[in-house]
Amino acid sequence: MIEDGIQEEKDYEPQTICEHLQYLFALLQNSNRRYIDPSGFVKALGLDTGQQQDAQEFSKLFMSLLEDTLSKQKNPDVRNIVQQQFCGEYAYVTVCNQCGRESKLLSKFYELELNIQGHKQLTDCISEFLKEERLEGDNRYFCENCQSKQNATRKIRLLSLPCTLNLQLMRFVFDRQTGHKKKLNTYIGFSENLDMEPYVEHKGGSYVYELSAVLIHRGVSAYSGHYIAHVKDPQSGEWYKFNDEDIEKMEGKKLQLGIEEDLAEPSKSQTRKPKCGKGTHCSRNAYMLVYRLQTQEKPNTTVQVPAFLQELVDRDNSKFEEWCIEMAEMRKQSVDKGKAKHEEVKELYQRLPAGAEPYEFVSLEWLQKWLDESTPTKPIDNHACLCSHDKLHPDKISIMKRISEYAADIFYSRYGGGPRLTVKALCKECVVERCRVLRLKNQLNEDYKTVNNLLKATVKGNDGFWVGKSSLRSWRQLALEQLDEQDGDADQSNGKMNGNSLNKDESKEERKEEEEELNFNEDILCPHGELCISENERRLVSKEAWSKLQQYFPKAPEFPSYKECCSQCKILEREGEENEALHKMIANEQKTSLPNLFQDKNRPCLSNWPEDTDVLYIVSQFFVEEWRKFVRKPTRCSPVSSVGNSALLCPHGGLMFTFASMTKEDSKLIALIWPSEWQTIQKLFVVDHVIKITRTEVEDVHPSETQYISEPKLCPECREGLLCQQQRDLREYTQATIYVHKVVDNKKVMKDSAPELNVSSSETEEDKEEAKPDGEKDPDFNQSNGGTKRQKISHQNYIAYQKQVIRRSMRHRKVRGEKALLVSANQTLKELKIQIMHAFSVAPFDQNLSIDGKILSDDCATLGTLGVIPESVILLKADEPIADYAAMDDVMQVCMPEEGFKGTGLLGH
């Protein structure tokens with residue numbers, strides 16, 4: 001044990017990793033516990049127990065850490081214990097084929113990493129590890145003797161072997177096709193005795209090893225599973241299985257892998273386990289094999305534990321003993337309570353049934369819990385069976401049990417509770433109400449037939465009554481529900497149901513929903529509470545039929561046949577008809593006055609200015625579109641009353657567009673108007689701002705130049721702000737569409753086999769356009785009848801309007817072979833590559849992406865910073881096709897970098 005550098009303090013607690021390891025070994029040797037919890041050691045290492053790590057990597061790092069820590073000890077036996085037990089030596093030997101010169105490179109090893117792919121036996125794996133390699137062609141060896149590159153051979157020679165030989169079976173390999181690690185679930189045979197003499201350079205020594213430990217990895221994936229260790233006791237020769245806190249001793253001093261070899265393989269084809277001879281084992285889950293050098297003497301594993309450590313162990317043993325005593329006492333109390341309960345049940349069980357003697361009602365649920373000895377008995381609670389009168393509800397008899405008064409007295413004296421329900425507890429009022437409801441339900445069937453016969457007769461004169469057709473179709477169901485509600489109100493009395501208090505919020509919501517449902521004959525009420533004007537929704541019934549219906553619905557609204565319809569609804573109906581006629585007249589007049597604007601014919605163009613005029617007027621294209629909607633469907637849309645040119649101006653009243661932009665990118669935002677059309681528009685609409693472009697000739701220069709002057713003039717500051725806002729919007733988007741082309745030899749091709757996850761629509765704008773509901777007002781126009789006041793338009797409203805137009809003007813039509821993906825500006829390039837992998841079956845490391853000739857390579861950069869904007873087209877070039885995309889089951893582990901043991905004590909942190 002390590003004693004140097006340890007202060008023997010009275011209240012010593014391990015702090016460093018090595019001290020925790022010391023304490024762990026001391027507990028393993030002298031603890032009274034069945035298993036040892038290594039939480040302190042794990043915490044000192046800084047490991048995350050919720051994350052699976054590679055056992056081989058842990059073994060290497062831990063050995064390195066232990067060796068480095070022990071190298072500072074004064075005692076040479078302690079300082080060199082890792083090298084003496086686990087360190088061997090081999091040499092990389094390279095032999096020149098030309099001159100025969102031999103070059104050696106010595107190296108120490110603590111484990112041998114053996115490739116198992118294509119092998120069935122451990123000895124074959126060792127032979128491959130030591131086999132000779134030819135260095136030819138581009139891989140030739142530079143010989144210092146020949147002073148030139150020569151063909152050569154290279155192999156590994158084992159010079160010395162350690163006492164403990166650690167063999168790592170490389171089950172986890174990198175799959176180039178899928179881009180992630182996979183597990184090789186192939187069987188490997190290994191013997192309990194391993195003779196290493198044929199593999200070492202110096203013969204004649206003792207090189208026979210015996211198997212002492214096997215580490216098993218259960219699971220088909222390299223990213224999940226469970227570790228189980230089989231360890232042999234060197235003194236007794238018995239094998240133990242360590243499965244977390246479950247430690248099991250194997251029978252017959254033999255290694256038994258058992259169910260550790262069962263795998264939940266996704267494929268139906270299961271590889272058969274090969275036959276193993278005596279003293280050999282076959283495993284497809286064995287991950288690490290530990291062999292110990294065979295000696296005649298059995299190793300002495302009992303070591304004198306230092307006093308300060310033994311004190312910690314004794315302290316832990318005392319806590320464990322106290323815990324055992326406490327558990328034993330609790331178990332004894334539980335057994336005593338169980339016996340007492342058993343005697344009580346035995347005593348009362350025969351006296352429970354009520355014969356001719358007085359009886360009481362007790363909750364059946366409570367009796368069942370009383371018979372259950374595993375849980376403590378609570379006081380009797382009969383509240384769930386009470387009605388609104390605080391008596392036994394007749395419908396709750398089925399969940400009660402009739403017991404003798406003698407047994408009831410004992411129960412209430414021992415357990416308390418209540419209320420006590422004697423023979424007189426049954427509620428007479430509820431019984432009478434139940435009989436009344438049943439009688440009404442039986443009568444309902446007869447009345448239903450009677451009403452149906454009465455409805456067949458024709459109503460004469462003014463003796464009839466108006467009833468809603470919907471109410472007539474469902475009156476029987478409404479009556480049943482009404483009767484059930486009356487019965488249900490008794491069940492829910494005092495807010496108690498099945499022993500639980502009803503939630504007040506829930507009951508309020510239920511009542512609100514019930515109030516919102518129409519009652520009988522309320523379907524012919526107008527919004528003003530009078531008879532509706534539509535006769536299609538009601539019919540006349542005879543006085544006899546109405547009297548029958550009134551028996552079930554006494555509060556239903558009554559409308560005799562002579563009752564007039566709602567006068568307010570009649571006025572509104574006439575006004576609606578007049579408004580529709582007025583809208584049609586206005587639409588027809590405006591269509592006749594502006595035929596070319598409506599049909600979009602003979603429109604002027606700034607880039608090809610017409611010769612017959614020097615002035616053109618400008619209105620918002622949005623105004624024109626809204627006006628055309630109204631003219632097409634005047635009964636569905638409200639008329640447009642204002643031009644709303646303020647949407648084209650900044651808050652200072654200046655124009656937001658240059659002449660050049662109105663001929664190009666901003667041409668879809670404006671509509672050009674002929675002077676004759678402008679005169680008509682001024683008559684038909686409210687013009688808030690006049691915007692016009694005037695063409696003038698400058699005669700002072702030769703040749704003469706043409707100038708275009710706008711009124712009002714351009715506002716440079718607001719124009720610059722608008723452009724900046726547009727660029728900012730392009731880089732602050734969410735769920736926008738971009739397009740990806742896969743290219744081969746710089747030609748765009750379609751890969752039909754790849755699924756498309758997110759496809760953007762390529763419909764025309766008119767198909768996507770939705771008509772606004774009647775009466776809905778547009779934010780830029782006052783559309784109230786006869787109104788002339790224009791609504792105030794803010795700069796923010798204009799920006800929002802600009803965003804809408806930007807999306808329209810920049811829309812990219814998806815062509816055949818493109819894949820459309822939904823992305824956000826704050827999304828990283830790595831996340832985009834995952835989406836592309838799903839769409840094109842190309843692994844992220846095989847993707848070469850570019851946009852407008854710029855290579856996209858920074859996986860951590862966001863799409864916004866890389867210049868990817870909505871409707872962008874990204875070119876994808878794949879390094880090589882992926883053959884088996886279905887095997888990429890652990891794609892997230894591929895794309896997310898593995899942290900390993902970064903940040904833990906194994907790396908000195």
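For reference, positions follow the sequence shown, starting with 1.
Between the side chains of Gln550 and Glu558, at least one donor-acceptor pair of N or O atoms lies under 3.5 Å.
Every side-chain hydrogen bond (donor to acceptor under 3.5 Å, both in side chains) that Ser471 has, sequence neighbours left out, goes to Asp523. For Arg603, the side-chain hydrogen bond (donor to acceptor under 3.5 Å, both in side chains) partners at least two apart in sequence or on another chain are Glu677.
Within the 4.5 Å cutoff, the side chain of Phe465 has no heavy atoms near those of the Leu540 side chain. For the pair Gln679/Pro675, no side-chain contact is recorded, criterion being any heavy-atom separation below 4.5 Å from C-beta on. Residues Asn519 and Phe553 are not in side-chain contact: their nearest non-hydrogen atoms beyond the backbone lie 4.5 Å or more apart. Inter-residue side-chain proximity for Glu625 and Ser620 is flagged as unmet; no heavy-atom pair is nearer than 4.5 Å. Counting only heavy atoms from C-beta outward, the side chains of Phe657 and Ile618 never approach each other to under 4.5 Å. A heavy-atom distance below 4.5 Å is not found between the side chains of Arg476 and Tyr552.
Crowding of Lys469 atom NZ: a count of heavy atoms from other residues, nucleotides or ligands under 6.0 Å exceeding 12. More than 12 heavy atoms of other residues, nucleotides or ligands shown are found within 6.0 angstrom of NZ on Lys570. Counting non-hydrogen atoms of neighbouring residues, nucleotides and ligands closer than 6.0 angstrom, the CD atom of Glu717 reaches no more than 12 such neighbours.
Looking at Arg434, its side chain never comes within 3.5 Å of a backbone N or O of Asp395 through a donor-acceptor pair. Counting only distance, with no hydrogens or angles, the side chain of Ser667 and the backbone of Thr663 share no donor-acceptor pair below 3.5 Å.
Exactly one of Ile693, Leu669, Leu672 qualifies for a side chain to side chain contact (heavy atoms under 4.5 Å, CB included) with Met662. That residue is Ile693.
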